[in-house]
There are 2 protein chains.
Amino acid sequence: MIRRNMTNGTKNYAKRDYRSVGTRPVRHDGIDKLVGTALYGADIKLSGMLYAKVLRSPYPHARILSVDASKAEAHPSVRAVITSDDLPPQAAYSRGGGEMAIRDPIIGSTKVLYKGHPVAAIAADSVHEAEEALSLIDVKYEPLPFASNLDDALSADAPVLHEAWVGDGLAADDESFSHHNVAAHEYHSGGNLEAGFAQADEIFDRTFRTKTVHQGYIEPQNALAFWSPDGQLTIWCSSQGHFGIRDNVAAILDISSSRVKVVPMEIGGGFGGKLTPYLEPLAALLSKKTSNPVKMTMSREEVLEATGPTSSATVQVRIGVTKEGKLTAADAVYYFDGGAYTGAPLPGAAAAIFAPYTIENVRINGYEVVTNKPTTRAYRAPGAPIVGFAVESTMDEIANELGMDRMVLRTLNVAKPGDRRADGVTNAAIGAEQVMDAVRSHPHYSKPLRGANRGRGVGMGFCRNNSGPASVIANVHDDGRVSLVEGSVDIGGSRTVVAQQLAEVLGIAVEDVTPSIGNTDTIGYTSNTGGSGVAFKSGWAAYEAAHDIIRQLVDRCALIWDVPVVEIEYLDGTVRHKSDTELSIGFSKLASMLSDTGGPVVGRANLNPAGQSGSYSANIIDVEVDPETGKVEILACTAFQDVGNAIHPSYVEGQMQGGTAQGVGWALNEEYFIGEDGGLQNTSLLDYRMPTTLDLPMIEPVMVEVFNPGHPFGVRGVGEANISAPLGAMANAIHSAIGVRIRELPMNPETVLKAIHDQSVEGKYES
Amino acid sequence: MIRRNMTNGTKNYAKRDYRSVGTRPVRHDGIDKLVGTALYGADIKLSGMLYAKVLRSPYPHARILSVDASKAEAHPSVRAVITSDDLPPQAAYSRGGGEMAIRDPIIGSTKVLYKGHPVAAIAADSVHEAEEALSLIDVKYEPLPFASNLDDALSADAPVLHEAWVGDGLAADDESFSHHNVAAHEYHSGGNLEAGFAQADEIFDRTFRTKTVHQGYIEPQNALAFWSPDGQLTIWCSSQGHFGIRDNVAAILDISSSRVKVVPMEIGGGFGGKLTPYLEPLAALLSKKTSNPVKMTMSREEVLEATGPTSSATVQVRIGVTKEGKLTAADAVYYFDGGAYTGAPLPGAAAAIFAPYTIENVRINGYEVVTNKPTTRAYRAPGAPIVGFAVESTMDEIANELGMDRMVLRTLNVAKPGDRRADGVTNAAIGAEQVMDAVRSHPHYSKPLRGANRGRGVGMGFCRNNSGPASVIANVHDDGRVSLVEGSVDIGGSRTVVAQQLAEVLGIAVEDVTPSIGNTDTIGYTSNTGGSGVAFKSGWAAYEAAHDIIRQLVDRCALIWDVPVVEIEYLDGTVRHKSDTELSIGFSKLASMLSDTGGPVVGRANLNPAGQSGSYSANIIDVEVDPETGKVEILACTAFQDVGNAIHPSYVEGQMQGGTAQGVGWALNEEYFIGEDGGLQNTSLLDYRMPTTLDLPMIEPVMVEVFNPGHPFGVRGVGEANISAPLGAMANAIHSAIGVRIRELPMNPETVLKAIHDQSVEGKYES
């Protein structure tokens, strides 16, 4: 893969005084979202539009014996019914990193693998008629035994989810595949593990468990599809990447990707859960059958029951340490729940698990296991919070055991630029050490915390971050403003952050830039909004597009003034002759002259830049635990993160606060509660308990700006690392408060009370 | 003004064998339009959308004494009412090429100037409630005397339409402005008129009259506007140029142009009538007041009564000729009806009036006169049909009088490249002579025509054509297809014609190009779809964008192969090393590798090209006239036109047929029938009589391909010249059939019978 990087001669803006970068302008989409006029996926209607609903499996695991839609089709309001017969046949679904299971998750063909798995869909004149007519579809199922959790799925007599995996020969290559429900295996090693453990004075071997949790975005999935009889399919929907939706839909429907145009609507949160299509292919097929536009939206129940949450997990870490606190060896084994098909973040976990530290001798074994639950999807810093919880809890135990300051222990082993990370990657210009220093020197770290059952915990977090192809078009208007079209869906304010980078180069006000997200036909291919990559890649593209504009403006002035291009320069929003001071023209004035001096000026840039660098985070959390009820109250929380050069500090701080809040929810309350029947029990946001403002103190963000030399403006992805630290920090705080070590999430009152009870029995806790 | 032209090193494709150019692929929008799934202006709906209707003046001329909207505002379904108070104040409206009257035409402030002039608008929950509530607005008028036609408007005691023009001092500079209803004056002269007439053996002095006619597009005007509280206004509408709509709306509302985004919808015909906004500013203001999206559509009655038709006119031509048929002098005076405000095509008429001929001594005086009718707007080859009717009829009289063949007379005086046109322009590489030759050598010209009351007429036509800024973006998809985004609204198939020019350069199939029209934010400024300029300017931009793609593909291969760029060439859709035959890769394969080799490839081009060239047309029309009823039946019609290099011959032929049909309608039937009350009487398409297929024979198109050396593919605008020739040709055919010369349009049964009667009385017609 060939990628641009900073050595290609890109000008480094690090040393400049910025005008736009680093300021806090009002976001371009702010007012629209504040007053409710922003257009989300469900806000567009078309003439002749139909509404569709999905018939979903009532069983967590069953064979589909027959689907009879004839009664539904005869209903006067029903315009079309689709079943798996309307999809191209599902190719054999392999494991071990093979072919994606692209069609059966959309509509089950021979089996359903979780409660909520689609079986059919109906388009009707109204959403209520569509919903009502679902009951007219007669599906005959043969219910099968099911496995809702890792233990059940890995037991010797576990039900077989994917028959093709039984005896598929993979076991011969990799022992891990000897169990029929293991979908993937991730393996890394470095140094000499045995020798490393031999150097240790103490070895800590601990096992941790986390539950399935959902991203909890506010906006349910939606899709409006119109499949023209000429073969062009247009989809309006909100997603984290309309090019990804396009390519997925094209693969599912077996059509060429450019036959699909996806129009990105505003998105009400994604956090990794809106990278793949659910409704889009169904709406498309129903539109094809009816020749009408078809709209679909999910209820909250459908979102929780049938979109992808992140993995539940079991993580075992074994860490060897000298009595001076030097980590000599680390060995990790983790099992991630992939849900019905596969999507567990094994590589992200491997990158993150020991990332804050450099450990010479290390081994990682990660396994993905299928269960009868909705297929796992990414969730902010995928995999990192789970393994971070395990390692950061263990580090706390080590510090306590050795009697060392918790941050001194960490700093002693801190990962530095150039070191080898446990998954084999060489650290770029990372800021782990700066974050640790910031924690240690922050008043919160040393401030006395008085009172019974109160404690303070710290924990580190990490996300490796990503880049990818990005495309930007920038149209210069004759009133001196610029329309910036980018390919990155904006979830957290990135359109403004990208616009700031354009404005910085052009020397104009960011308010004079109107950013928007192009559809898949109007802008070049741009990878998903994920991996905290947008400010990095699309910001870089904006930087290049601005320079492309400048080149054209200089050329234009050379023509107007009839002087050689080399005698002209662009500085602070003005084209000027280097020596003749008479020849000088401001951006806005020149903009008004473009059409009459050769035509409009449009800047463009398309790249796939390298140079992104991981981000480190940390939390200091103070809690008070009520030993009677088990309730944990958060007294104070400080969030640290190395954020590169913060282009828009307010949004960076917002990311840090948001990620911390989600980490707190994961730590304390959130879980998929699966009932005896294998179905999700808590299918509303009343029962699926995310933190509200009443549950949280003010989260104080501390930005640690470690400039990324791999980006023209020093950008480092900031969207994810922040969710990772709170899980371990919270467990450590609870331990600090009441002396009880909890290795299982969520640490809700029930868990806490049980831990108090169990450890009282073991003599570890004195009430 | 600096414009690119062919001397800037653009490669001329004239000599190549084309693969795509000159073929007849199915248009990309064809199926959608055929089956009714294309999205026109009225097809988009938004959540919370309101509907609005316009209250219009019942008087052709009145002072507005008061507007009381309080009752309407109190109506429970009414969400907002706007009057002229909601618009920025109307600046003083000057004549003589001064400031545009931009606001009063949208809503009358102190006066209404025609029946149908907007006075207020109401947004309500439904269109019916909006319509019903209009009657609750209490407007007090003082009716004023009105002038519905040129004679009334130019009479000494004519009513004053624009008070500011009385005594505005313009009369001192130009005698023509001594009448208070003269809005503009166009003047050209060349040679020595007196000397020219002195050389003539005969002088023909004739006067012609034409009526107001409408473009008759199928789709009524529409607008959906959403003015976000953050100040960004988005408008969805169909138009002939969304940038023009944007700039007009911004000027009317006194906001910066880039604060308006116009999304172009499919358009159901424009012909010059959809260049300016009618509903857009109203919908915008109502949206601003309500914070909801507001949709407006016109009824057919509103379209005819309150959008801009083209001028009625009086044209006097005086032509001097030797007995050998040499035109020695020509003098023209024409009065065009501008309607309430101004928009009559004086310059287009001046360019066209004598364009087929080169006359050394020439003078043109054109006048625009305001009347109490809707403001005049452009109509296909603006001005040309009116003056062409006069000159071509006169040429027929001259030929008859001199006893010369009608085409021999014309050819003797034919305009040639390099000659001076009557309006002072030097002819480019025009094809007037080739068209005349094609007429003379066509079998239709010499085929015997037998039968009573049958006759054959010929006539020439012209349109000067135009260019303007154009912008194209071309995204290469990984499946080897290309999305082409252009700024030119597509009315007659131009997206395919532009795509063909891109495909030709890239060496790919035009079916692998998906063209679309970008909104005003996503594509660079592009001038209106008018002046038959799209295939020329946007085609050229596509040509340049394709070359921009090729440059990037070559660069990419240089990187992949690690060889110098100069050693690589692009030929027939393949990048190849000039000498190493191993190194060769097809477009489609390379497209699939782009993201991983540096990023996507997007081509772009922005230009304002010179080099467009006028187009000539001709008709041969055979008719039979029923002397009892006055009905004219068309027996045969052949249409000729110099079309440059026909990029898509089917669409060129379609333009020729369509333009001819409209010219026939203008000649025989169409007219604004104004009643005693000053209002339009024929406000439906039953009463406003356009030709149907039953009225027309097969129109045989004969393309005369005179390559335009001023364009890389030899493109010449073809959309307009074709409407010009039928008017004179029809009058000449009728004269040929029954010996009666009609100098007044429309030549409907009433006119024909009256002419027969008048000329029988004069002894010129023997029944």
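Letters A, B, ... are given to chains in the order of the sequence lines, protein chains preceding strands, and every chain is numbered from 1.
A:Asn608 contributes a side-chain N or O that, together with a main-chain N or O of B:Ser595, makes up a donor-acceptor pair within less than 3.5 Å.
In the model, B:Arg259 has no side-chain atom that pairs as donor or acceptor with a side-chain atom of A:His477 under 3.5 Å.
Taken from CG in B:Asn606 to CD in A:Gln552, the straight-line distance is 6.5 Å, to the nearest 0.5 Å. The line from OG of B:Ser516 to CG of A:Asn519 is 6.5 Å long, rounded to the nearest 0.5 Å. Atom-to-atom distance recorded for A:Tyr525:OH and B:Leu594:CG is 12.0 Å, nearest 0.5 angstrom. Here the CD1 atom belonging to A:Ile523 is positioned 7.5 Å from the CD1 atom belonging to B:Ile473, to the nearest 0.5 angstrom.
Taking each heavy atom of A:Pro600 and B:Pro469 in turn, the nearest pair found is CD-CB, 3.8 Å. Taking both residues in full, the closest heavy atoms of A:Thr37 and B:Pro229 are given as OG1-CD, 3.6 Å, listed atom of the first, atom of the second, then distance.
Contact residues of residues 27-34 of chain B toward chain A are B:His28, B:Ile31, B:Asp32 (heavy-atom distance under 4.5 Å).
When A:Asp478, A:Asp479, A:Asn475 are each tested for a side chain to side chain donor-acceptor pair (under 3.5 Å) with B:Ser258, only one passes: A:Asp479.
In this structure, A:Ile44 and B:Leu46 have side chains that are in contact, with non-hydrogen atoms separated by less than 4.5 Å.
The existence of a salt bridge linking A:Arg604 and B:Asp548 is confirmed by a sub-4.0 Å separation between a basic side-chain nitrogen and an acidic carboxylate oxygen.
In this structure A:Asp521 satisfies the salt bridge (charged side-chain N to carboxylate O under 4.0 Å, His left out) test with no other residue, sequence neighbours excluded.
There is no contact between A:Ala474 and chain B, counting heavy-atom distances below 4.5 Å. Neither the backbone nor the side chain of B:Ala605 comes within contact range of chain A; no heavy atoms are under 4.5 Å apart. For B:Ala541, no part lies under 4.5 angstrom from a heavy atom of chain A.
Of the listed residues (A:Thr520, A:Val485, A:Val602), the one with the most heavy-atom contacts under 4.5 Å to chain B is A:Val602.
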